[in-house]
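Written below as structure tokens is the structure these notes are about.
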Amino acid sequence: MMKDVPTVNVDRPPSSLLERIYLGPIFSGLGVTLRHFLRNLFGKKDIATIEYPEVKRQYSERLRGRHILTTRDNGKLRCVACYMCETACPAHCIHIVAEENPGEEVAHEKVPRIYEIDLLRCVYCGYCVDACPEEAIIMSRTHEMAFSDRDEAVIGIEELRQKGPIEEADIGYRPYF
Amino acid sequence: MRQPDGSSIVLTTKLQSMLAWVRKNSLWPLPFGTACCAIEFMSSVSAHYDLARFGAEVVRFSPRQSDMMIVAGTITDKMAPVVRRVYDQMAEPKYVISMGACACTGGFYRAYHVVQGVDEFIPVDVYVPGCPPTPEALIHGILELQKMIQRGETHYDRLSQKGAGNAESASI
Amino acid sequence: MQNPLPSKLQSLLLSSEVCPDGHVEMKVERSHLLEVLKGLRDDPACSCNLLADICGVDYPDREQRFEAVYHLGNLDSGQRYRVRVGLAEDDAVLPSAYSLWPAADWFEREAWDMMGIQFEGHPNMKRILTHEAFQGHPLRKDYDASQRCLMTEDDLMVPDWAKEDQASADDFETQILNIGPSHPATHGTLRTVVRLDGEVIDRAECEIGYLHRCFEKMSETHGWNQVIPYTDRLNYCSSMINGVGFALTVEKMLGIEAPPRAQAIRVILSEFSRLMDHAVCLGANLVDLGALTNFWYFFQPREEIYGLLESCAGGRLTVSYARVGGLSHDVPPDFEERCRRLLKEIPPFLDDVDKLVTTNRIFRDRTEGVGKMTAEEAIAWGWTGPCLRASGVPYDVRKAAPYMGYENYDFDVPIATTGDTYARYLVRMEEMRQSLRIIEQALDQMPEGPIITGDHHVALPPKARVYSEMESLIWHFKLVFDGIHVPKGSAYGFTEGANGELGYYVVSDGGGQPYRVKVRPPCFAIFQAFPHLIEGHMVPDLIAIMGSLNIIAGELDR
Ligand code: SF4
Ligand code: SF4
Ligand code: SF4
């Protein structure tokens, strides 16, 4: 079976004289680096460096960053505290406490009283987004964060709540199908 | 002469902030890279993100020559004494950035062999979340540390203010 | 399929059958184990030259609490064998297979460390992944997943022979040198203790486990799909391949297959990941040898591939893209265009590196003849992947046991015959070009259609239906809370990882979580030969060899 596998042999012959006196390869090597250097010096197009933080690269629309709890038109959270995201989370970094909806609506009975995500535990896998049956949790493209304290990183409903209309938000990973 | 943030430096500026300015712009990182995060650290120093633009290009693997330790990757119980020893060997002033969920809290490894956050045994100045944090996030963390140094809010500053001296600054 | 075991062996077995995953499975008594293994190795009807894996499984309810499972294979015919042997708790001792295959060395130590199965006649029966001060055996079912044991610096491992040598300090002839675990050239977390005679290494021992993140225990405490983010962190240079490998194994157990479009996308992204993995390996290897420029050249296409992965999955490195039954979602509309652009952009970078390095005399002098491995030795140590192919064995899982439609793609398996560091470099270079070939064909043939199976016992129903239909909502609810129910049983699935055969041995008890997941990481088998490979070489060669083996700690230590 292994015998009729198509193979290509990549062995190389011993160094030729030219290669052994070292000058040929070194000049062709220098040629390569010189080409890159000149192209970068005069061409500009080739420079790979992104001048972060002034310039940012084009992020994917699916980038998994900090979470957003989406809201309904009336400004209430869509979340119905069903605990599915908490269950699906491999890092167990979501903490929800539900309460009866104090409002008048009958459409959904529960709302979260506490909804906390530990951003330092979270591994940004997006499983919570996939698990949510209400599209109540999605992810933004905000991924540059830094904390100086661990407690600071546990954020609650107010920080997570969607700010402004969703079209303008910097949204990243969402349920796609 | 002007500083990047626009304020002018006169020679009479307090020596303190002068020192801080010098320090923050020549942070030589010691990457304590163990796992996946180390790969993203490599991306940060390579051509696309080029950490050199922030004075942090001299990646030193010798603790004696560096002043910012970047813990990138999961630290296990087996590795912990090594981290601690490397940290102790660093010359002061020294700062620690903990990069990634694992180094910050253990991440999703709530497990029998994983340290639940390097701050169990070394003081951490900046936590950068992400798994792995993007190079941008790491750079953001380093910029944040630079600001903290300028403001004098790092662990090192706090300890020296308290007069605890330089020795045993790490025993938190 | 006929049971191909010779009758001489049959008589030693308790039972034997051919499993749905194609393995010939045998149950034996402990007293016959060595005889059976020897028979499997030497009998011309089987001639298993590869010991792929040894795994311990704990069944607290059985009378024979532990079970050791050996996976063997014949590389020439592709036939696979599995040997099970039961053990009572108070007498968990097995004869060591080290004398048959040196590959048993670390696998047996691992079984001891994780499960507490002793191996008699093993030359160095010590803990391997956890530290010396560790109490208990973590993969036993009664071990709490979060129970930690702290360690102090005094517990750092020093091999006995090194201690003796240190004691006799007046002996100027030899010197003990400790390299790692925190050393730039050891890629993070590998530690090697060597004894130098002059400048030549005359004895070496590796210590691993500095990145033991308890992958297997974590898998047992998470749902089937939740394991996928963990697999991403095994070989983090090519995370896509790991996730796909795991999903394929579970799909095998469920008896389903991902739709053709998902397979094609998996192939494309796996091959890109392989390319990236080789690029990191070669780049890092060359940096260790002092050639920094290549590293920057390799990183440029890598960033582009990261961009591609990010546009599909949302993550650059840890993609979490595969799901049991398919993929988490479809590729973006500009996927094909981006891939084709990459196909054009990558070869010039490879050519640049080729020009800089391949014929460079310094590089050749430093790598040729260094770290030589013959084909027989390599197989006996359990080597697979590019390192084995560099020794002249054209074994590639994509050809030997094609999965995901690899049989439809036309590509060659690069081999070299010298088996040294230079050969490994050449093989990896060529493999990158072959990967590009596969990607091109897969793009040409990419079918339309769904990207995840429609079976709602396995895959979450489409979101639009969850929002509107009661029935879909119930399926969704059940899947999230109960998980997938994989039928009782076990399977060994293997795929070609970037470093070689990546195997998953998965046991299910019918519940929503795996009962046991054992990874067969290619690095593990490769690295155990490392001490033998470096003996007789100098310290700088050690760096060159280690780089060329491409040891990824996440996969090595799990
Ligand atoms: S992204 Fe993953 S780890 Fe983070 S909260 Fe969601 S499910 Fe948990
Ligand atoms: S899954 Fe969605 S609706 Fe349910 S608790 Fe989480 S965010 Fe709220
Ligand atoms: S935080 Fe994530 S990417 Fe970083 S080391 Fe841990 S698992 Fe790997």
Side-chain angles (χ1 to χ4, degrees), chain B residues 30-50 59-63 69 71-89 100-102 106-116 120-121 130-137, chain C residues 129-134 136 138 143-157 181-185 187-189 207 209-215 217-218 221-222 226 229-230 232-233 236-237 239 280 283-284 295-297 299-300 302-303 306 310 315-318 553-554 557:
Chain B
L30 167 98
F32 201 97
T34 59
C36 356
C37 278
I39 306 281
E40 279 298 59
F41 175 79
M42 291 196 315
S43 304
S44 325
V45 285
S46 70
H48 265 69
Y49 300 97
D50 198 6
V59 176
R60 281 298 137 107
F61 286 91
S62 159
M69 185 174 185
V71 184
T74 323
I75 302 299
T76 59
D77 285 337
K78 199 169 184 170
M79 193 58 131
V82 182
V83 185
R84 179 66 216 219
R85 183 180 314 175
V86 170
Y87 178 78
D88 286 345
Q89 285 172 343
C102 287
F108 65 171
Y109 295 102
R110 294 176 192 255
Y112 58 86
H113 202 243
V114 177
V115 171
Q116 303 295 304
E120 276 182 15
F121 52 88
C131 185
T134 50
E136 290 95 330
Chain C
L129 294 180
T130 59
H131 51 80
E132 297 272 285
F134 201 83
Y143 194 95
D144 174 22
S146 57
Q147 174 63 44
R148 283 169 62 195
C149 298
L150 295 187
M151 149 200 209
T152 59
E153 227 172 283
D154 308 332
D155 302 320
L156 283 184
M157 180 288 293
S182 173
H183 185 280
H187 301 219
T189 53
E207 173 76 356
Y210 288 97
L211 193 59
H212 177 52
R213 298 191 274 197
C214 330
F215 167 78
K217 192 77 177 177
M218 289 293 102
T221 52
H222 285 80
Q226 282 177 331
Y230 285 98
D232 280 343
R233 281 115 182 132
Y236 34 74
C237 291
S239 45
V280 178
F295 194 63
W296 305 145
Y297 288 173
F299 256 80
Q300 221 148 318
R302 236 172 74 96
E303 278 300 326
Y306 274 160
E310 188 191 283
R316 283 157 53 87
L317 193 69
T318 46
D557 298 343

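Below, chain A is the first sequence line, B the second, and so on; all start at residue 1.
Chosen from C/Leu211, C/Val280, C/Asp232, the residue pairing most often with chain B at heavy-atom distances under 4.5 Å is C/Leu211. Looking only at heavy-atom pairs under 4.5 Å with chain C, the residue among B/Ala35, B/Pro31, B/Gly73 that has the most is B/Ala35. Here B/Cys131 is the residue among B/Gly106, B/Pro135, B/Cys131 with the most heavy-atom pairs under 4.5 Å with chain C.
If you measure heavy-atom distances from B/Ala38 to chain C, you find no contacts under 4.5 Å at all. Looking at B/Val115, both its backbone and its side chain come within 4.5 Å of chain C, counting heavy atoms on both sides. Using a 4.5 Å cut-off between heavy atoms, C/Phe215 makes no contact with chain B at all.
With a 4.5 Å cut-off on side-chain heavy atoms, C/Arg233 and B/Cys102 do not count as touching.
In this structure, B/Lys78 pairs ionically with C/Glu207, as a charged nitrogen and a carboxylate oxygen lie closer than 4.0 Å.
The structure places CZ of B/Phe108 at 7.5 Å from NE2 of C/His222, a figure rounded to the nearest 0.5 Å. Here C/Asp557 contributes atom CG and B/Thr34 contributes atom OG1; the two are 10.0 Å apart, rounded to the nearest 0.5 Å. Taken to the nearest 0.5 Å, the OH atom of C/Tyr306 stands 5.0 Å off from the OG atom of B/Ser43. From B/Tyr112, atom OH reaches atom OG of C/Ser146 across 12.0 Å, with rounding to the nearest 0.5 Å. Rounding to the nearest 0.5 Å places CZ of B/Arg110 at 13.5 Å from SG of C/Cys214.
Side-chain atoms of B/Thr76 do not come within 3.5 Å of backbone N or O of C/His212 as any donor-acceptor pair.
For the residue pair B/Pro132 and C/Thr318, the shortest heavy atom distance occurs at CD-OG1, 3.3 Å. When all heavy atoms are compared, the tightest approach of C/Arg316 to B/Thr134 is CD-CG2, 4.0 Å.
With 3.5 Å as the limit, one finds a donor-acceptor pair spanning the side chains of B/Thr74 and C/Arg213.
Between B/His113 and C/His131, the angle of the ring planes stays under 30°, which puts this pair in the parallel group of the 30/60° scheme.
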